[in-house]
Participant: 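Below is the structure I would like to discuss, written out as structure tokens.
Just so we're on the same page: letters track the sequence lines, and every chain starts at 1.
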There are 2 protein chains.
Amino acid sequence: MPQSTAKIVQKTRIQHQNQALILKAALEVFSAFGYRGGTIDQIAKKCGLSKPNLLYYFKRKEDVYVAVLEATLAEWLEPLRGLDVNGDPIVELTRYVSEKLEISLKNPQASKLFANEILHGAPHIQKFLKGPLRDLVEEKSAVILEWVAQKKIAPVDPQHLIFAIWAVTQHYADFSVQVEAIMGSEPKPDRTRKAVIELLLRGLRA
Amino acid sequence: MPQSTAKIVQKTRIQHQNQALILKAALEVFSAFGYRGGTIDQIAKKCGLSKPNLLYYFKRKEDVYVAVLEATLAEWLEPLRGLDVNGDPIVELTRYVSEKLEISLKNPQASKLFANEILHGAPHIQKFLKGPLRDLVEEKSAVILEWVAQKKIAPVDPQHLIFAIWAVTQHYADFSVQVEAIMGSEPKPDRTRKAVIELLLRGLRA
DNA sequence: TTATTTCTTGATCAATTGGTCAAGAGTTGT
DNA sequence: ACAACTCTTGACCAATTGATCAAGAAATAA
């Protein structure tokens, strides 16, 4: 028992590489079929590993799912963080909506994964919702209320404004099938961006 | 072979009753766990039938799912149908948003079932999306454009306006867990209604 | 009542699937 | 080269689950 202390959990190059492969494949599978619908066989096959080999890196299916889910949470919060009380409200909100929409369009799988998790009761991210997410929304609601108090924007319910921004931007990722069925083809990102910003923010100009 | 023609498929009282039981239980199960996550055992147990008995009324699991899904589609379309080109735009749109929101709040399970189906590529309702839904959206987009042409409302992209209304109203059903986690409790329906209408329609007043 | 149809279920099957294990292959440090 | 550790896999297991079937119970029509 040479090395004095506990087992050092330093990641091997192979570990790093294979875990990344697994998480990438898992995102594709779970976002397409949901947690229960996706199988570790699918994931293993998609990244060229054998099933036992995959389970060597993540002991349980749930561990894979939680890992890929948590990897998306940080990205999810990021754009809202930037909302700056000292900036111009319309500029700030426009940037926020644009960023949120762009992320949805660029990485719809992450959005779908997240949507599916919440749709089914968010069993794995209760703490995230009631902790960091709630705190951040509270903080930014205060920012928006401050803008209202300063008469920089029209009176608005800040929480519901944030909900509306989330709902609309994620709609284009989560319900892309419906959007495309109705529009006849993939919507033009630029037209979508302009329309969404107008719809959500035009009513706010003081 | 007495009765001359083909088998008459007239529903018995028992059939009617048990099918209703099954569809009710199936909505609860599928909306909570998704298609793959829900099992016919769960559904059977929930409505007090044995599994083979359930399968006597619906041969396959998929048949149960499709039946309950289609039962929600009509209700889904209904509010938009009412949008009347001859009415006052703000009144009409306010009524539409209110109705859509109320349905979401009153029957979140149907909304979640529908959301889950689309989230996973809408494999069972492609025809509904590309047929009746698309046609209706096209028709009502024309109504909105007419209002714009008459300068009764501000210029707006009608399709994206409809998407935004869907997204926001359904958000309160589909992501209720998130909404409650952030607001700390179930949101007051009345405050929600006012906030949503303001957010979506304030920018439209000509 | 009797005959016919409808309804119900216990037993069972085959396929899927999450997970284990032991043994071997590959890699790394000395 | 050697030892120790890391990585990989075929075979296998147990639980779940969608679906079947034959036989009996219940309802309905004659």
Side-chain angles (χ1 to χ4, degrees), chain A residues 1-26 28-30 32-69 120 123-124, chain B residues 1-23 25-30 32-69 120 123-124:
Chain A
M1 42 231 75
Q3 57 248 65
S4 52
T5 63
K7 181 77 170 295
I8 295 172
V9 280
Q10 183 154 18
K11 270 196 210 165
T12 303
R13 195 188 65 254
I14 294 181
Q15 270 173 39
H16 202 79
Q17 181 178 308
N18 280 344
Q19 284 182 3
L21 274 180
I22 293 169
L23 290 183
K24 181 169 180 281
E28 294 178 32
V29 169
F30 285 134
F33 304 107
Y35 174 60
R36 304 226 197 180
T39 70
I40 51 181
D41 298 73
Q42 277 178 297
I43 300 171
K45 181 167 288 182
K46 182 156 289 202
C47 60
L49 298 180
S50 68
K51 180 163 64 170
N53 199 11
L54 187 154
L55 287 167
Y56 169 75
Y57 292 102
F58 295 90
K59 289 225 180 309
R60 299 179 304 146
K61 177 189 182 183
E62 200 178 5
D63 295 342
V64 183
Y65 178 72
V66 170
V68 63
L69 187 57
H120 296 94
H124 301 94
Chain B
M1 44 231 73
Q3 55 249 65
S4 53
T5 64
K7 182 77 169 296
I8 296 171
V9 280
Q10 184 154 16
K11 268 197 213 165
T12 304
R13 193 187 69 253
I14 292 182
Q15 268 172 42
H16 202 79
Q17 180 177 309
N18 280 345
Q19 283 182 4
L21 274 180
I22 293 169
L23 290 184
L27 175 61
E28 294 178 31
V29 168
F30 285 134
F33 304 107
Y35 175 61
R36 304 226 196 177
T39 71
I40 51 180
D41 298 74
Q42 278 178 298
I43 299 171
K45 181 166 290 182
K46 183 156 289 202
C47 61
L49 299 180
S50 68
K51 180 162 62 169
N53 199 11
L54 187 155
L55 287 168
Y56 169 77
Y57 292 102
F58 295 90
K59 289 222 179 310
R60 300 179 303 145
K61 177 189 181 183
E62 198 178 5
D63 294 342
V64 183
Y65 179 72
V66 170
V68 63
L69 188 57
H120 295 97
H124 301 94

Participant: Could you list the residues that satisfy side-chain hydrogen bond (donor to acceptor under 3.5 Å, both in side chains) with A/Q17, not counting sequence neighbours?
Facilitator: none

Participant: What does nucleotides 20-30 of chain D look like as a protein-contact string, B for base, S for sugar-phosphate only, - for none, at under 4.0 angstrom between heavy atoms?
Facilitator: BB------S--

Participant: If only side-chain N and O atoms of B/Y56 are considered, is one of them under 4.0 Å from the OP1 or OP2 phosphate oxygen of C/dT8?
Facilitator: no

Participant: With sequence neighbours excluded, tell me which residues meet salt bridge (charged side-chain N to carboxylate O under 4.0 Å, His left out) with A/K61.
Facilitator: none

Participant: Would you please name every residue forming a side-chain hydrogen bond (donor to acceptor under 3.5 Å, both in side chains) with A/Y65, sequence neighbours left out?
Facilitator: A/E117

Participant: Between the opening five pairs and the closing five pairs of the helix from C/dT1-D/dA30 to C/dT30-D/dA1, how far apart are the helix axes, to 10°?
Facilitator: 20°

Participant: Could you check whether A/Y57 gets within reach of a base, just the sugar-phosphate, or nothing at all, counting any heavy atom under 4.0 Å?
Facilitator: sugar-phosphate

Participant: Applying salt bridge (charged side-chain N to carboxylate O under 4.0 Å, His left out), can you list everything that pairs with A/K46, at least two apart in sequence or on another chain?
Facilitator: A/E28

Participant: NZ of B/K45 versus P of D/dT16: gap in Å, rounded?
Facilitator: 11 Å

Participant: I want to check one thing: is the phosphate of D/dT6, taken as OP1 and OP2, less than 4.0 Å away from some side-chain N or O of A/Q15?
Facilitator: no

Participant: Across the strands shown, which category fits B/G38 at heavy-atom distances under 4.0 angstrom: base, sugar-phosphate, nothing?
Facilitator: sugar-phosphate

Participant: Once you apply a heavy-atom cut-off of 4.0 Å, does B/N53 come out as touching a base, just sugar-phosphate, or nothing?
Facilitator: base

Participant: Going by side-chain contact (heavy atoms from CB on, under 4.5 Å), B/V64 matches just one of B/L69, B/L27, B/V29, B/L54. Which one?
Facilitator: B/L54

Participant: Hey, would you say the A/Y35 and A/H120 ring centroids sit under 6.0 Å apart?
Facilitator: no

Participant: For A/N18 and C/dG26, what is the distance between atoms CG and C1' respectively, to the nearest whole Å?
Facilitator: 13 Å

